[in-house]
Amino acid sequence: MEQALGPATAPASPAARRRAEAAPARTVALAQVPDDTAERMTTEIPEFDRVLGGGLVPGSLVLLGGDPGIGKSTLVLQAAARVALKGQGVAYVCGEESPRQIRLRAARLGLEGAPVTLIPEGSLDAALAAAEAAGVAAVVVDSIQAVSVEGLDTRSGGPAQLAEAGARLVSFAKGTGIATIVTGHVTKGGDIAGPRLLEHLVDAVLYFEGADNGALRVLRAVKNRFGATDEVGVFEMTGTGLRSVENPSVAFLETHDDGASGCAVTAVMEGSRPLAVEVQALAVPSFLANPRRIAAGLEVSRLHLLLAVLARRGGLQAGNLDIVASVSGGMRLRDPGADLAVLAALDSAVKDRPLERGTAYLGEVALSGAVRPVTNPGRRLAELARLGFKRCVVANGTQPVDGIELLPVANVREALTTVANRRPQPRDEGGESG
Ligand code: TYD
Ligand code: MG
């Protein structure tokens with residue numbers, strides 16, 4: 001009786017039966033897995049390599065997204081040509097442009113002599129087969145929207161096409177060990193049916209951003225299985241291609257006018273390095289029932305929140321003003337450590353009085369009005385000191401750094417008092433005033 005109930009004779013569950021029937025999968029000892037990240041291919045473009053985590057990893061798939069016209073094709077062509085000039089085979093699938101157009105761009109970059117194999121082809125499978133046959137080490141697919149997977153009767157660039165193309169690119173990269181970069185246009189609204197669909201499939205997702213009116217471009221890793229996320233690279237678009245900017249803080253502050261109202265400088269942590277940026281705000285009387293709030297480079301919700309904190313905790317009323325806030329150089333603020341600078345810029349803009357020259361602002365602002373310390377204060381302060389800033393308004397308890405005086409504050413009210421006490425006195429307008 002006991003035997004009849006024993007596990008050995010109990011009928012196997014369907015799941016157990018399926019396991020018994022399946023051919024066991026291959027197993028690999030962790031320590032035996034080759035570490036091919038050591039064989040990274042550098043692109044010789046310092047800021048691109050930095051964002052990749054030190055270069056392209058064989059067999060990895062990288063998505064490079066960004067607005068049309070931002071410079072994706074320029075960057076991948078420059079990288080492809082540099083890798084090819086070092087003697088590694090590179091194929092460039094130009095689904096979007098003709099070989100003549102690519103050649104013209106290469107000439108503009110001074111790289112028309114690079115031994116890159118062009119594959120003008122709209123069918124993804126045919127293009128990848130050609131790249132594999134050419135025996136290359138890296139392939140660029142420019143762009144995912146311009147290639148299609150045959151046999152799917154949906155339009156190229158549509159969600160079904162993108163998902164299938166993404167899956168095929170992953171299996172191509174993994175199966176062949178060829179480092180693969182695919183570009184994708186992302187429209188300003190952040191089209192969710194676009195290349196963002198591929199984010200979970202690929203090894204790294206890089207987005208190229210920039211201000212509408214400037215030459216500076218920021219390349220940001222939002223995902224990277226082979227490197228740090230949130231690492232950024234800074235480039236300048238020149239007449240002869242993208243140039244790595246070695247000293248981004250200086251570039252971001254190039255247009256900094258510390259005599260103008262509404263301008264405040266802070267340092268944000270971007271990946272492993274601190275970058276100084278300028279927040280600019282402008283406030284003008286509004287003729288609208290709902291005054292406008294326009295934000296470029298920061299979330300408009302963050303702007304609303306900081307205006308609310310200023311109103312409640314700082315007594316600054318801006319309800320009848322249109323307010324515009326932006327960040328220098330097309331940088332997008334993600335770091336809450338910039339809050340205090342946004343606040344100082346808004347206060348200065350609303351009062352139309354410039355802030356003290358040579359003073360920077362570092363601090364997170366809570367809804368309670370408390371000013372909280374930032375992460376990595378030492379590195380940020382050192383960067384500001386290096387750039388010649390003399391003082392910095394910071395949260396209480398921030399450790400001092402050589403070369404820069406700290407002006408600690410506990411909350412928004414104290415911060416505004418500090419700002420007001422140190423504000424340059426209005427100039428004697430003399431003959432100018434009428
Ligand atoms: P492109 O790389 O074609 O952008 P994307 O592939 O992201 O759509 O770059 C387009 C812009 O860059 C275009 O307006 C021309 C400009 N550009 C330069 O200013 N200098 C250059 O050397 C090159 C090649 C392009
Ligand atoms: Mg392009």
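Just so you know, ligand 1 is whichever comes first in the structure, and atom 1 is the first atom listed for that ligand.
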Quick one: does Val186's side chain get under 4.5 Å of Glu209's, heavy atoms only? no
Taking backbone and side chain together, does Thr74 place any N/O/S atom at a distance below 2.8 Å from the Mg ion (ligand 2)? no
What closest approach, in Å, do Arg40 and Leu52 show between heavy atoms, and which atom pair accounts for it? NH1-O, 3.3 Å
Any Leu362 side-chain heavy atom under 4.5 Å of Leu340 side chain: no
With side-chain contact (heavy atoms from CB on, under 4.5 Å) as the criterion, how do Val90 and Val136 come out once you've worked through the C-alpha distance, each side chain's angles and the decisive distance to 0.1 Å? CA-CA 5 Å; Val90 183; Val136 295; 5.6 Å; no
Passes salt bridge (Lys or Arg N to Asp or Glu O under 4.0 Å), Asp49 versus Arg82? Steps please. CA-CA 12 Å; Asp49 286 335; Arg82 295 257 171 249; over 6 Å; no
When rounded to the nearest 0.5 angstrom, what is the spacing between CD in Glu97 and CZ in Arg103? 15.0 Å
Which protein N or O atoms sit under 3.5 Å from any N or O of ligand 1? Give atom names and distances.
from	atom 1	to	atom 2	distance (Å)
ligand 1	2 (O)	Ser73	N	3.3
ligand 1	2 (O)	Thr74	N	2.8
ligand 1	2 (O)	Thr74	OG1	2.6
ligand 1	3 (O)	Arg105	NH2	3.1
ligand 1	4 (O)	Gly71	N	3.1
ligand 1	6 (O)	Ser73	N	2.9
ligand 1	6 (O)	Ser73	OG	2.8
ligand 1	7 (O)	Ile70	N	3.4
ligand 1	7 (O)	Gly71	N	3.0
ligand 1	7 (O)	Lys72	N	2.8
ligand 1	7 (O)	Lys72	NZ	2.8
ligand 1	8 (O)	Gly69	N	2.7
ligand 1	20 (N)	Arg108	NH2	3.2
ligand 1	20 (N)	Thr238	O	2.7
ligand 1	22 (O)	Arg108	NE	3.4
ligand 1	22 (O)	Gly239	O	3.3
ligand 1	22 (O)	Gly241	N	2.6

